[in-house]
Amino acid sequence: MIYAAWLIWAVPIISVPFIPLIGMVSQRGRNWFAVLASALTAFIGFYLAASFSSGMTESSIIWLPIFKVPVQVLVDGTSVLLAAFISFLSFLIVLYSVGYMKGEKGQSRYYSLILLFVGAMLGLVMAGNLIQLYFFWEIVGICSAFLIAFWYDKPEARRAGLKAFVVTRFGDIALFIAVLIVLANLKTTNYASIFSAIGSKPFGTNTVLLVGILLLIGAMGKSAQVPLHVWLPDAMEGPTPVSALIHAATMVNAGVYLVIRMFPLFSYSSTLLVLVTIVGLTSMIFGAACAVVSEDLKRILAYSTISQLGIMFASIGVGTTLGATATYHLISQGLFKALAFLAAGSVITATGSRNVEELGGLRKSMKYTYIGFLFAMLAMSGVPPLIGFWSKDWIVSTALTSNVVAAILIALSSVLTTIYSFRALFKVFYGKSKLPNEPKESSTVMIVPIMTLVVSVTVGWLVLDYQRLVPFNITIDPLTIGMSLAAIASGIGIVYVAFSSRTAQTQSLMGRNAPLIALRKYLLEGLGFDKFYGFLYSRIVLPLAKTSSYLESGWLGVNMGLMLASVLLIIFLVALKVI
Amino acid sequence: MPSDQLIFTVTATVLVVIGLGSMAYSRNLIKTVMAFQAIVFGANLALFSSGLGSYSSYMSQTFVLFSILVGASVEAVALAIIVVIHRKYGTLNPWEIRKLKH
């Protein structure tokens with residue numbers, strides 16, 4: 001059983017170099033080899049989940065004995081459940097890629113990066129200490145940047161990849177400092193040792209608070225929480241299966257996983273939990289508001305991911321269920337968001353457009369895609385008995401018992417969730433077609449993953465109820481059900497009136513009402529975060545860079561002279577015992 | 001009587017300073033590479049002396065061996081670049097080459 005915990009991340013990583021090698025012989029063979037590798041990973045994931053009994057097992061290999069850094073896997077309920085979930089979802093997405101990426105250039109690069117991405121994420125989930133987690137964290141980050149910039153001949157794609165890399169870097173640095181602080185204080189980064197040391201002498205309240213804040217910043221960068229979210233909407237420049245992978249299985253879940261994993265540390269201080277809640281609630285409302293106005297189908301989904309991840313953070317911060325609600329919502333969000341992205345990708349391949357205003361009436365011509373998108377949107381709004389209903393309503397009911405404000409805010413945000421979900425659904429699949437010619441349904445290899453996810457979204461909650469890896473004892477208050485049903489009904493009502501039956505009136509209202517126009521423009525710009533960062537860059541970073549470039553004269557002698565002068569200065573200062 | 005470690009460290013510092021100085025002063029790229037080697041050896045000596053007398057001395061010695069290997073390959077590449085530079089510009093004086101660019 002313990003071998004499976006090693007194999008699950010070793011298999012995709014080991015198969016990475018074989019992808020270009022097989023690609024030299026046969027293109028088809030390479031694609032199906034990637035599918036096979038991910039299928040094997042998913043199989044190992046299910047085997048791991050089936051053979052796991054209970055408790056927590058660690059297995060480690062000593063690596064660099066002089067620094068006492070072991071390579072370690074941690075097998076417990078959360079890591080096994082998430083590993084099985086991630087490997088299953090990545091298998092479906094790789095299978096879908098075979099259809100989506102047909103005829104693209106650079107597929108060897110694509111499949112090797114995807115497998116490395118998945119392997120690194122599985123390694124991150126199974127990691128037994130913070131150093132190893134950080135190592136895989138960085139691989140996940142670099143893979144996502146490369147995959148977002150996959151079509152590197154498009155300037156927007158290059159820019160988006162660079163942006164993802166730079167913005168997540170802020171979080172990564174914070175995480176790195178946190179790991180170093182833990183290492184300096186405890187001489188180990190093993191999770192169990194960290195948790196047992198919390199509160200005692202070298203790891204007192206202030207250190208815990210500092211480490212917690214740094215870990216939270218790291219998680220915010222990876223999970224695209226306000227204000228480090230700006231990379232996620234732009235990350236839509238990558239191929240759609242990559243977006244599905246980033247949003248559902250790998251990249252953004254890493255931050256949430258970090259907070260769930262370090263929950264004993266966060267729960268030690270109530271300040272930390274309040275911070276987590278505030279970050280989560282802010283992102284939840286921000287993401288939902290931006291998703292309502294966005295016109296790009298994939299950007300709507302991106303903002304909705306920010307919002308859903310915000311709900312996860314808030315549910316961790318509310319802190320009554322040791323992060324189990326967040327784990328449940330992570331899986332549920334992963335399933336319906338992957339479904340939404342795969343269906344959106346199917347629409348994009350068929351029509352070549354991402355703008356919801358240009359699409360319409362696809363319900364008849366693309367039946368299976370329509371069913372997929374419909375189920376994704378129903379689950380996202382939390383319509384019973386789909387999986388989104390259980391996860392969201394469980395979060396609201398647990399929040400009701402401890403933090404009523406958070407519960408009410410989450411319930412209110414589900415009105416916005418319903419509005420943006422059904423707005424996208426109505427605009428793309430209902431109404432009159434605005435396309436010049438009838439789009440064709442996508443190929444079978446793309447439909448099979450979509451249909452599998454439709455089934456998963458529908459019956460996933462039964463599976464999650466049956467499994468005993470993380471015992472979810474879902475208790476839902478009747479009050480919550482009433483609240484969420486009212487939210488869904490009002491959301492659908494608003495969308496129907498505004499975007500479906502009275503489009504003309506809505507448009508004329510929007511055309512006349514100046515505050516609404518301003519609000520819409522402001523939301524379309526993502527509340528001006530991009531502008532603000534651009535301003536900071538042009539006012540602070542660029543002048544600093546220009547100033548320091550004077551030191552770099554280009555004359556070898558001058559540069560070396562300056563270096564010599566500084567070395568002599570340091571020696572002088574050391575001799576004087578100043579430093 | 002100063003300890004071995006102190007002697008090594010001082011020698012290393014002197015080597016680095018001399019290397020930097022001659023790199024700044026040199027008007028011939030081959031001499032620049034020689035000065036660069038002096039800096040590298042100074043650094044190697046400092047690394048070697050840092051491990052003296054502790055249980056991890058074999059660690060620093062191993063890394064010095066690696067560093068010598070890397071230094072040799074860097075020197076080979078640098079000399080190859082110098083050959084190309086001489087073919088292209090006909091001079092090895094970095095100040096002259098810099099002037100030719102403008």
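Heavy-atom basis, side chains included; hydrogens, waters and symmetry copies ignored. Bear in mind that the values here come from a model prediction, so they are computed numbers and not experimental data. Within every chain, numbering begins at 1; the chains are lettered A, B, ... in the order of the sequence lines, protein sequences first and strands thereafter.
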Task: Close approach to chain A in residues 64-85 of chain B, criterion heavy atom under 4.5 Å - done: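 So no residue qualifies.
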- [ ] Taking heavy atoms only and a threshold strictly under 4.5 Å, list by residue number the residues of residues 17-28 of chain B that touch chain A; give 'none' if the list is empty.
- [x]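 From residues 17-28 of chain B, the residues near chain A are B/V17, B/L20, B/G21, B/M23, B/A24.
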- [ ] Could I get the full list of side chain to side chain contact (heavy atoms under 4.5 Å, CB included) partners for A/N190, not counting sequence neighbours?
- [x]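 Partners of A/N190 under the side chain to side chain contact (heavy atoms under 4.5 Å, CB included) test: A/E58, A/Q72, A/T188, A/A192, A/S193.
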Task: Region of A/L568 that comes under 4.5 Å of a non-hydrogen atom in chain B - done: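 When you check distances to chain B, only side chain atoms of A/L568 fall under 4.5 Å.
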More than 12 foreign heavy atoms under 6.0 Å from [atom1] of [X]: is that the case here?
X: A/F146; atom1: CZ; result: no
X: A/D153; atom1: CG; result: yes
X: A/Y191; atom1: OH; result: yes
X: B/K31; atom1: NZ; result: no

Task: Gap separating the CD1 atom of A/I570 from the OG1 atom of B/T13, nearest 0.5 angstrom - done: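 The OG1 atom of B/T13 is 11.5 Å from CD1 of A/I570, to the nearest 0.5 Å.
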Identify every side-chain donor-acceptor pair in residues 121-128 of chain A under 3.5 Å, counting partners at least two apart or on other chains, and give the distances.
none

